[in-house]
Every structure is written in C-alpha cells, then in structure tokens.
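Reviewing the structure listed below.
Labels below follow one simple rule: chain letters A, B, ... track the order of the sequence lines, proteins then strands, and each chain is numbered from 1.
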There are 2 protein chains.
Amino acid sequence: MQSRDFDLETFLPFVLNQAAETTSHAFAEIYQKRYGMTRGQWRVMANLGRFGAMTATEICRRGQLEKTKVSRAVHALEQKGWLSRKSLESDRRSECLSLTEAGRAVFDDLGLAGLDYDRALRDRLGDAAVDEAIALLRRLCPDNQGDGPASNPCQDAGS
Amino acid sequence: MQSRDFDLETFLPFVLNQAAETTSHAFAEIYQKRYGMTRGQWRVMANLGRFGAMTATEICRRGQLEKTKVSRAVHALEQKGWLSRKSLESDRRSECLSLTEAGRAVFDDLGLAGLDYDRALRDRLGDAAVDEAIALLRRLCPDNQGDGPASNPCQDAGS
DNA sequence: TCTTGATTGTTGCATTTGAAACTATTATCA
DNA sequence: TGATAATAGTTTCAAATGCAACAATCAAGA
C-alpha cells in the first residue's frame with residue numbers, strides 16, 4: 001500500500017465536506033437573508049422546532065455541535081426573541097430550551113423553504129438514491145441514533 | 001405541505017454536515033497532531049499531492065475552497081517549506097504551486113493514514129454502499145466534474 | 001492604442017470558531 | 001457527612017474564517 005493509492009476523489013471526508021459545503025451554503029443564503037441567522041443558530045432552531053423543547057446538551061448530541069457554539073447560538077436566538085429558557089427543577093445546571101411563538105413562526109417559514117430545497121435536490125439526484133445515502137451517512141454519526149426523547153428531562157414539548 | 005413535514009433527519013444539508021464533521025474531525029486529529037496542519041492546509045496539500053502542480057484557482061475549483069482560504073494555506077505551507085511557487089510565463093497573475101520534496105514526504109505519510117482511515121470506514125459501512133454514496137454526492141458539486149488537467153497551465157506536474 | 005471589464009491572488013476588518021479554563025451544580029463513594 | 005470526580009453551560013483568547021476592497025495582469029473591442 002502506497003500513498004499514491006490515496007484517492008482524494010473517493011476519500012469520504014473530502015467528498016462529504018464538499019457536498020456539505022455546497023448544500024449548506026446554498027440553503028444558508030435563505031435564512032441569512034431573511035432572518036440574519038448564522039448556520040449554528042439555524043441548526044439550533046431546527047432541532048428545537050422539529051423535536052420540541054430540549055436541553056443544550058441534547059442539542060449538542062443530536063446536532064453534532066460543540067457546546068460553545070450552541071451556547072452562543074442560544075444566546076443570540078434569545079436576544080432575537082425566538083427562544084426562551086426555563087430552568088429545570090430536576091437539575092439546576094441545565095435549562096429547558098424551546099422556541100417562542102415568534103421563533104416558531106420563523107421555523108415554520110424556514111421549514112417550508114427546507115422542504116422546497118429538499119424536493120429540488122431529490123428531483124435532481126433521485127429519491128431512492130438519496131434515501132440510501134442518508135441511511136448510510138447516519139450510521140457515521142454515533143450519537144445520532146437515540147432519537148426518541150428518551151433521556152429528555154424537558155416534559156413540556158413545544159411542538 | 002406544512003413545515004411540520006420538514007424532517008431534519010433526512011434533510012441532506014444536515015446529514016451531510018454531521019457526517020462531514022464527524023469524519024473530518026476524526027481525521028484532522030492525525031495531521032494536526034503530527035504536523036500542526038490546519039484543515040485548509042491539508043486540503044491544499046492533498047490536492048497538490050494527489051494531482052500534481054496546479055494553480056491556486058485550480059485548487060479552489062477542485063476543492064470547493066474559497067480563494068482567501070487557499071491563499072493563506074499556501075502561504076503557511078510555503079513557510080513550513082512544504083510548498084514552492086513558480087511564476088507562470090503564460091499568465092503572470094498566477095503561480096504554479098507544487099509540493100517540495102519535504103512536502104511530498106508529509107503527504108506520503110498522511111496519504112497512508114488516509115488510506116487506513118478510508119479502509120476502516122469502508123469496513124464498517126460496506127464498500128459498495130460507500131461507492132454508491134460517493135458517486136451520488138459528487139454530482140452535488142458542479143465544478144468538480146472536469147477532473148482532467150484540461151485547462152491546467154502547469155506543465156511540470158510534481159507527481 | 002486606449003479604455004473598459006474580467007480575472008488572479010492578497011490584505012483589512014469584523015465575525016466566527018474552538019480548545020481550555022472557569023463557575024455552578026450534581027453524582028459517587030469512603 | 002465530606003471529599004473527589006463528573007457534568008452543564010459560559011467565558012476567554014487566540015486562531016480561523018469570509019466578505020469586501022484592493023493591486024496587478026490579462027482580454028476584448030472601439
């Protein structure tokens with residue numbers, strides 16, 4: 001085995017980075033222009049909007065995000081009035097995060113845009129093939145599996 | 001169609017970002033610890049090591065990188081003695097970039113590490129499935145197709 | 001030729017990022 | 001109980017990032 005065998009074009013980290021960059025950048029224009037949101041802020045909002053109230057650590061786990069990025073995104077979303085915190089009685093270190101009514105309106109709008117974008121991608125690449133690829137890629141993210149709100153101490157789901 | 005139909009877990013930008021982050025982060029530890037390289041630096045080096053001498057713009061096109069990131073990565077690699085520039089006579093705006101001997105040694109080492117990493121991933125996910133996913137994802141990156149050194153004004157390929 | 005416009009690569013500047021340090025709280029165990 | 005370790009989240013600080021502006025060169029057409 002020699003380094004000349006190293007094929008950049010089939011090296012998964014490379015291909016994934018390019019694909020992620022391309023798709024994310026295209027969709028980012030929408031939420032950046034409409035709401036001035038950062039990629040991290042959108043990711044936090046999307047998790048809360050889709051899965052309901054949860055803790056910052058839970059967002060980290062689900063979204064493969066770093067806690068510092070989540071912390072700042074939460075702060076920014078709170079400033080904009082789209083997110084509210086509620087202290088947890090079961091553990092006073094954590095807080096229960098959820099979208100406000102205004103935040104939900106923003107998510108609803110962007111969710112629709114996301115559906116459009118997704119539809120366009122699938123039309124181009126083929127629905128079944130996309131599904132297969134996604135199923136494969138999700139196996140790469142170890143902590144992503146436990147989807148149910150199993151260990152979620154936030155009861156009052158905002159969705 | 002309502003925003004509640006928006007499924008984060010099958011939204012391609014999300015899945016791709018998570019997968020890219022997971023795989024890149026894991027592999028980044030290697031070149032960061034061994035050679036103190038940035039992700040951008042590694043990407044530039046990988047393109048030069050794999051495809052031989054080329055221009056900065058060509059690296060941008062191939063790697064889906066921004067020119068400012070490439071510019072700074074080139075500068076850093078040059079400082080470390082792993083990259084050399086040679087002015088092009090056909091166009092004095094561009095420079096022909098290639099790895100030095102020392103740079104090639106670094107690439108050889110990291111290329112082997114990349115092969116190991118790739119092998120491990122494919123063992124885990126299945127070779128054929130990975131190939132299919134990669135073929136699909138490459139169709140997402142429009143400028144990535146023209147692979148041959150068609151319009152490459154750098155003749156003296158370093159590889 | 002001269003002018004206008006496009007392209008290559010760099011730099012300035014403000015924002016974003018991530019690793020490590022930190023506070024506050026909870027868990028473990030002698 | 002009390003001591004130690006682990007965890008949630010924030011902050012700090014240096015590095016990385018990206019957009020815009022820029023200088024240098026090339027291309028196209030009057």
Give the rounded distance in Å between these two atoms: [atom1] of [X] and [atom2] of [N].
X	N	atom1	atom2	value
B/M37	D/dA15	CE	C1'	16 Å
A/R85	D/dA8	CZ	P	15 Å
A/L88	D/dT7	CG	C1'	14 Å
A/E21	D/dT17	CD	P	11 Å
B/Q41	D/dA15	CD	P	13 Å
A/I59	D/dA8	CD1	C1'	13 Å

Note: for A/R93 and A/H25 on DNA chain D, the residue whose nearest nucleotide lies more 5' is A/R93
Starting at the 5' end of DNA chain D, which residue's closest nucleotide do you reach first, A/Q32 or A/D91?
A/D91
Classify the nucleic acid contact of A/R39 as base, sugar-phosphate or nothing, counting any heavy atom under 4.0 Å across all strands shown.
nothing
With a non-hydrogen cut-off below 4.0 angstrom, is A/T68 in contact with a base, only sugar-phosphate, or nothing?
base
Is it the case that B/E58 and B/T55 place a side-chain donor and acceptor less than 3.5 Å from each other?
no
Contacts of A/R92 and A/K67 projected onto DNA chain C by closest heavy atom; the upstream (5') one is A/K67
A/T38 or A/E89: which one's nearest nucleotide on DNA chain C is closer to the 5' end?
A/T38
So, is the end of the B/R62 side chain (NZ or CZ) under 6.0 Å from the ring centre of B/F51 and within 45° of the ring's axis?
yes
Between atom [atom1] of [X] and atom [atom2] of [Y], what is the distance when rounded to the nearest 0.5 Å?
X	Y	atom1	atom2	result
A/F11	A/L16	CZ	CG	10.0 Å
A/L77	A/M37	CG	CE	5.5 Å
B/I59	B/L65	CD1	CG	8.5 Å

Would you check if the side chain of B/R104 reaches a backbone N or O of B/G49 as a donor-acceptor pair within less than 3.5 Å?
yes
Between B/W42 and B/F27, does the ring centroid distance fall short of 6.0 Å?
yes
Chain A reaches DNA chain C, atoms under 4.0 Å from its heavy atoms, from C/dT16 to C/dT26
Here the residues of residues 69-84 of chain A within 4.0 Å heavy-atom distance, strictly under, of DNA chain D are A/S71, A/R72
Please determine if a side-chain N or O atom of A/T55 lies less than 4.0 Å away from the OP1 or OP2 oxygen of D/dT7.
no
Heavy-atom side-chain contact between A/V15 and A/E9 under 4.5 Å:
no
Carefully, step by step, assess A/T68 and A/R72 under the rule side-chain hydrogen bond (donor to acceptor under 3.5 Å, both in side chains).
CA-CA 6 Å; A/T68 163; A/R72 285 187 266 238; 2.6 Å; yes
